[in-house]
There are 2 protein chains.
Amino acid sequence: MSQSPKQSAGSPAPTSADVARLAGVSRATVSYVLNNTAAVRISEPTRRRVREAAEELGYVPHAAARSLRAGHSRMVLLPTAHVPVGPLYSRFFNELQWALRSLDYTVVQYGSVGMDADEAARAWAELRPVAVVSLGHVELTPTGVELLRRSGAKAVITVGPQQVEGTHALVMDQTRVGRLAGAHLVERGRRRLGVVMPGEPGLEVFSVPRLEGVRAAAEAAGATVVPLSLRYEEEPAGALAARWRDLDLDGVFGYNDEYAMLLMRALQDAGIAVPEETAVVGSDDLVVGRLLRPRLSTVHIDMVGGGELAELVDRVVREPDTAPERHERLDSYVVHRESS
Amino acid sequence: MSQSPKQSAGSPAPTSADVARLAGVSRATVSYVLNNTAAVRISEPTRRRVREAAEELGYVPHAAARSLRAGHSRMVLLPTAHVPVGPLYSRFFNELQWALRSLDYTVVQYGSVGMDADEAARAWAELRPVAVVSLGHVELTPTGVELLRRSGAKAVITVGPQQVEGTHALVMDQTRVGRLAGAHLVERGRRRLGVVMPGEPGLEVFSVPRLEGVRAAAEAAGATVVPLSLRYEEEPAGALAARWRDLDLDGVFGYNDEYAMLLMRALQDAGIAVPEETAVVGSDDLVVGRLLRPRLSTVHIDMVGGGELAELVDRVVREPDTAPERHERLDSYVVHRESS
DNA sequence: TTGAAAGCGCTACCAG
DNA sequence: CTGGTAGCGCTTTCAA
């Protein structure tokens with residue numbers, strides 16, 4: 001009898017057949033018992049024997065075999081490339097995972113660094129997820145969507161700046177963030193605006209539309225806009241501050257609070273008064289932004305709740321033929337503090 | 001019979017049998033061609049026919065079926081509970097994912113919020129991963145490890161404060177972080193030390209050993225230590241600062257830079273001079289810490305590189321019988337700035 | 001050079 | 001109430 005678990009490496013995992021043998025029943029019965037199949041009544045003694053056998057062997061069902069047989073899984077795939085830092089995103093992520101789990105989905109985050117769009121879609125399709133929720137770090141083309149659909153994905157949902165054809169979309173309009181920041185600066189009397197563009201790769205999906213937003217707001221007021229590339233380090237910030245007076249700007253949108261804080265400090269160290277000489281606005285409304293002096297003005301972004309998104313996933317999975325919807329969920333507003 | 005591919009929702013994903021039929025060959029041949037099986041020579045025209053058929057149908061192999069047949073997968077499971085924010089962690093994560101991918105593993109991050117240790121281990125085991133790399137947010141018990149082993153996991157590796165029995169471990173000694181901070185404060189002449197304990201859940205694995213570390217350093221010098229619970233918000237920080245003089249502390253370790261900055265600002269606003277009256281030290285060496293005035297002293301933590309860890313995973317998978325090793329990889333050192 | 005068939009672990013029918 | 005059995009999609013002998 002194998003009651004002492006001495007399977008360091010050689011022995012294969014126990015299967016339902018092993019459990020059946022040990023319990024002296026058939027594999028079918030094992031399946032019925034362990035899944036509490038309602039349609040079949042099994043005697044209590046048998047149930048106990050099966051349960052004990054399973055326990056003793058340390059039996060764990062084989063998810064792949066199960067979903068192969070079932071013809072579908074309850075896996076929700078969340079592709080990610082670069083995990084975006086920041087409390088906003090991680091809160092969202094955690095909420096989403098938690099909500100999906102309580103709807104009985106298996107959440108799988110699949111890292112897809114350095115794959116192109118179709119390559120990635122293929123890799124995801126191999127796992128036959130019931131739903132794919134793309135957070136927008138990895139591109140998703142109509143071809144990719146089609147491929148996922150044919151591989152059994154009931155729901156393909158994109159969360160990000162734009163809607164992708166054929167998917168349900170949760171559009172988070174980054175343009176609006178820029179527009180709000182731009183309008184605020186204009187309102188504060190600024191006419192020559194800089195916009196920080198992060199030098200780090202992968203942030204273009206956010207930074208480019210934000211720049212567009214600032215442009216739109218500026219144009220309406222006859223203000224000018226200059227994009228300013230900046231890596232998130234002190235030296236480049238210092239260098240940028242050193243040539244600030246040549247740039248002749250009286251307001252700047254810092255992409256987000258972190259870049260804004262970096263730049264603001266560099267400006268102050270270079271003797272440029274904030275907000276008198278140059279107003280600074282960030283976004284994300286981080287706690288740290290309130291710790292600097294002057295306190296950082298910012299665009300507060302209310303991201304969609306993870307729970308809402310989970311519900312959308314579930315609805316689309318159950319009703320796969322609903323036409324792709326476009327949901328707009330990004331309430332943002334300016335928080336005016338002292339830096340502008 | 002399904003002759004016309006109406007892929008919208010109803011039609012199932014094409015299988016290798018469908019490809020075989022369309023190409024006029026057997027399923028075996030399809031498999032040989034698509035996997036470039038070296039042991040078998042297939043004529044070039046046949047190969048082309050198969051490839052074209054696969055292309056036309058949008059065929060994607062079924063990962064579950066494949067690994068079921070193969071008896072093993074190349075899935076590396078990264079369980080996560082609350083995704084820890086912070087650039088340190090995300091850089092590490094990205095590196096790890098990238099490195100594992102280039103070693104041809106499929107990296108799957110599995111969110112396990114609100115599950116207890118053994119429940120979680122079971123859920124992971126169902127996926128039959130070849131390796132599990134636990135980042136320490138979810139507890140892993142010896143029972144859990146045993147279960148994973150029996151389910152075919154060749155490598156179970158824990159990254160975190162302590163080693164778990166039966167696993168290879170990458171120990172990141174959080175005690176040391178606290179000890180360094182404590183020693184530094186003592187060295188700066190401080191004798192009554194506060195230690196911030198984050199009020200947010202899930203951080204205990206870090207905060208408790210760090211507190212222990214400070215205690216050890218303080219004890220050696222005859223200094224006292226007081227733990228201070230603090231939520232990451234301005235109000236509680238203000239409240240703590242308001243009763244600061246009653247606490248009668250002349251030095252504080254802020255858990256990390258973020259909490260340290262929050263507290264430092266609250267202290268300054270309450271009229272307590274930093275570092276004269278109270279010295280403040282954080283950890284993580286964040287960029288923002290250098291933007292406040294006084295600049296924040298901090299404990300710089302050099303985490304293990306993701307690449308190194310990936311190599312360890314690979315080595316253990318190939319050589320599963322190597323005795324569990326304990327690797328120590330956490331070079332940390334104090335960066336003395338102006339707040340202490 | 002290709003095909004037929006077995007079987008990975010599981011569940012769902014249908015008999016007994 | 002329980003057991004036999006087919007078959008999910010795939011790879012891999014063994015035969016032709």
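Throughout, protein chains are lettered first and strands after them, A, B, ... in sequence-line order, and every chain is numbered starting at 1. Note that the coordinates shown come from a computational prediction; the quantities given were computed from them, not determined experimentally.
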What is the distance from CG of B:L57 to C1' of D:dG9, rounded to the nearest Å? 15 Å
If you assign each of B:R69 and B:I42 to its closest nucleotide in DNA chain C, which residue comes earlier from the 5' end? B:I42
Under-4.0 Å salt bridge between B:R48 and B:E52: yes
From CD of A:E44 over to P of D:dC1, roughly how many Å is that when rounded to an integer? 11 Å
Nearest-neighbour nucleotide for the A:S26 side chain, C:dA5, D:dG4, C:dT11 considered: D:dG4
Tell me the interatomic distance from B:N35, atom CG, to D:dG9, atom P, rounded to whole angstroms. 17 Å
When rounded to whole Å, the CZ to P distance for the pair A:R41 and D:dG3 reads 17 Å
In whole Å, what is the span from the CZ atom of A:R27 to the C1' atom of D:dG4? 9 Å
B:V30 side chain reached by B:V25 side chain, heavy atoms, under 4.5 Å: yes
Using a cut-off of strictly less than 4.0 Å, decide whether A:T29 has a side-chain nitrogen or oxygen near OP1 or OP2 of D:dG3. yes
Applying salt bridge (Lys or Arg N to Asp or Glu O under 4.0 Å) to B:E325 and B:R315, what does each step give before you reach the verdict? CA-CA 12 Å; B:E325 298 162 24; B:R315 209 184 58 220; 3.0 Å; yes
Separation of C:dT2 P from B:L34 CG (nearest whole Å): 14 Å
Nearest heavy-atom contact between A:L68 and B:A65 is CD1-CB, 3.9 Å
Interatomic distance where CD belongs to A:E126 and P belongs to D:dG9 [whole Å]: 15 Å
Is there a donor N/O on one and an acceptor N/O on the other, under 3.5 Å, for the side chain of A:Y32 and the base of C:dC13? yes
side-chain N/O B:T15 vs D:dG9 OP1/OP2, d < 4.0 Å: no
Hey, is A:R318 close enough to A:D314 for a salt bridge, meaning N to O under 4.0 Å? yes
Residue whose closest nucleotide on DNA chain C lies nearer the 5' end, A:R66 versus B:A65: B:A65
Send over the distance from B:H72 NE2 to C:dG7 P, rounded to a whole Å. 19 Å
May I ask you to say what A:T46 touches in the nucleic acid, namely base, sugar-phosphate or nothing, with a heavy-atom cut-off under 4.0 Å? sugar-phosphate
Does C:dT2 have OP1 or OP2 sitting under 4.0 Å from an N or O in the side chain of B:S43? yes
Residue mapping more 5' on DNA chain D - nearest nucleotide basis, B:V40 or B:V60: B:V60
Using a cut-off of 4.0 Å on non-hydrogen atoms, how would the nucleic acid contact of B:S67 be classed: base, sugar-phosphate, or nothing? nothing
